[in-house]
Amino acid sequence: MTIKTIITEPNKILRQVSKPVEKVGKEEQQLMDDMLETMYSANGIGLAAIQIGVPKRIIVMDINQDKNKKKPMYLVNPVIKNKDNLKSTYEEGCLSVPNQFAEVDRPKNCDIEYLDYEGEKKFLKAEGLLATCIQHEMDHLEGILFIDYLSKLKKSMIVKKLSKMKSSRIVV
Ligand code: ZN
């Protein structure tokens with residue numbers, strides 16, 4: 001397993017639409033292993049492949065709060081089958097939008113169809129934090145970031161801040 005570099009906003013790669021996976025093979029499993037390792041090392045609860053520069057429809061997640069009991073989830077080609085009209089609000093952050101947080105409304109419940117680590121078709125009824133996390137990660141597959149839901153002003157302030165952080169970064 002290898003820890004990869006997480007791409008941060010602003011970066012065009014994050015705006016790419018990811019492509020469906022034809023078959024879950026060794027290569028995809030290796031990618032999922034690397035993604036999970038990268039996510040854990042960055043203290044995240046979800047990561048989409050595009051965040052490490054791979055435009056494939058693959059997500060890894062672990063929303064378990066207890067770090068000693070890891071419960072990784074692997075979602076390949078996830079599709080939302082059903083969404084709730086009820087909304088829930090969480091303060092969201094993103095490994096690609098470092099140190100920025102904002103409240104986002106999303107459907108409270110959703111049903112997902114996906115392929116697991118072995119390539120088997122699965123169905124999941126998600127609610128609460130899990131539903132929010134899945135929708136956040138699935139947005140990445142469409143090139144959408146949570147800051148896109150904020151007001152133009154708030155979004156541009158965050159992007160400006162991140163650009164500044166990038167330009168003042170030195171590597172010696
Ligand atoms: Zn994210």
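Computed from a predicted structure; not experimentally measured. In what follows, residues are counted from 1 in the order of the sequence shown.
- Of the inter-residue distances, the one linking D34 atom CG with K4 atom NZ reads 5.0 Å to the nearest 0.5 angstrom.
- Counting only distance, with no hydrogens or angles, the side chain of Q30 and the backbone of K26 share no donor-acceptor pair below 3.5 Å.
- Considering CZ of F123 and CG of N82, their distance stands at 7.0 Å, rounded to 0.5 Å.
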*Determine, stepwise, if the pair Y149 / R106 fulfils side chain to side chain contact (heavy atoms under 4.5 Å, CB included).*
CA-CA 10 Å; Y149 296 106; R106 297 182 189 272; 3.7 Å; yes
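- Here F146 contributes atom CZ and Q135 contributes atom CD; the two are 15.0 Å apart, rounded to the nearest 0.5 Å.
- Cluster partners of L153, using a side-chain heavy-atom cutoff of under 4.5 Å among ILVMFWY residues and allowing indirect links, are M157.
- Under a 3.5 Å cut-off, the side chain of T89 and the backbone N or O of D105 do not form any donor-acceptor pair.
- Using a distance-only test at 3.5 Å, with no hydrogens or angles considered, a donor-acceptor pair links the side chain of N64 to the main chain of K69.
- The backbone N or O of H136 sits nowhere less than 3.5 Å from a side-chain atom of D139 that would complete a donor-acceptor pair.
- Using a 4.5 Å cut-off on side-chain heavy atoms (C-beta onward), V17 and R57 make contact.
- Under a 3.5 Å cut-off, the side chain of E28 and the backbone N or O of G25 do form a donor-acceptor pair.
- Cluster membership for V21 and I50, using ILVMFWY side-chain heavy atoms within less than 4.5 angstrom, is not shared.
- The local environment of CD in E22 is sparse, with at most 12 non-hydrogen atoms from other residues, nucleotides or ligands closer than 6.0 Å.
- Legend: residues meeting ring-ring contact (aromatic ring centres under 6.0 Å, His included) with Y117, ordered by chain and number and at least two apart, are Y74.
- V24 is not listed as a side-chain neighbour of E118, based on a closest heavy-atom distance of 4.5 Å or more.
- No side-chain heavy atom of M39 sits under 4.5 Å from any side-chain heavy atom of P72.
- Under a 3.5 Å cut-off, the side chain of S96 and the backbone N or O of Q51 do not form any donor-acceptor pair.
- A single hydrophobic cluster is seen to contain both L95 and I58, as judged by linkage of ILVMFWY side chains at heavy-atom distances under 4.5 Å, directly or through other members.
- You'll find the side chain of L31 reaches within 4.5 Å of the side chain of I52, heavy atoms only.
- At a threshold of 4.5 Å between side-chain heavy atoms, the hydrophobic network of Ile, Leu, Val, Met, Phe, Trp and Tyr places M165 and V159 in one connected group.
- In the displayed structure, K155 atom NZ is contacted under 6.0 Å by more than 12 heavy atoms of other residues, nucleotides or ligands.
- Of all heavy-atom pairs between K83 and P107, the closest is CD-CG, 3.6 Å.
- The two residues K108 and A131 make their nearest non-hydrogen contact at O-CB, 3.4 Å.
- No option in D116, L47, V76 other than V76 meets the side-chain contact (heavy atoms from CB on, under 4.5 Å) test with M32.
- For the ring pair (Phe, Tyr, Trp, His ring centres under 6.0 Å) condition, no pair includes a residue of residues 5-61, sequence neighbours left out.
- Pairs passing the salt bridge (Lys or Arg N to Asp or Glu O under 4.0 Å) check and including a residue from residues 124-137, sequence neighbours excluded, read D111-K125.
- Between T8 and P98 the shortest heavy-atom distance is CG2-CD, 3.8 Å.
- No continuous path of ILVMFWY side-chain contacts below 4.5 Å connects V97 to I6, so the two sit in separate hydrophobic clusters.
- When all heavy atoms of R15 and D148 are compared, the closest pair comes out as NH1-OD2, 2.7 Å.
- Side-chain heavy atoms closer than 4.5 Å link hydrophobic residues (I, L, V, M, F, W, Y) into clusters, and following such links, even through other members, never connects V54 to L14.
- Alongside L86, the hydrophobic cluster contains no other residue (criterion: ILVMFWY side chains under 4.5 Å).
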_Before you tell me yes or no, could you show the steps for K166 and E9 under salt bridge (Lys or Arg N to Asp or Glu O under 4.0 Å), namely the whole-Å CA-CA distance, both residues' side-chain angles and the distance that decides it to 0.1 Å?_
CA-CA 9 Å; K166 271 191 186 178; E9 172 80 348; over 6 Å; no
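- Note that CD1 of I158 is 11.5 Å distant from OG of S163, once rounded to the nearest 0.5 Å.
- In the hydrophobic clustering, where aliphatic and aromatic side chains (Ile, Leu, Val, Met, Phe, Trp, Tyr) are joined below 4.5 Å either directly or transitively, I134 groups with I45, I59, M61, I63, M73, L75, I80, Y90, I112, Y114, L124, L129, L130, M138, L141.
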*Given the rule in the side chain to side chain contact (heavy atoms under 4.5 Å, CB included) test, do I147 and Q100 qualify, once you have shown the distances and angles that lead to the verdict?*
CA-CA 9 Å; I147 53 172; Q100 309 300 318; 5.6 Å; no
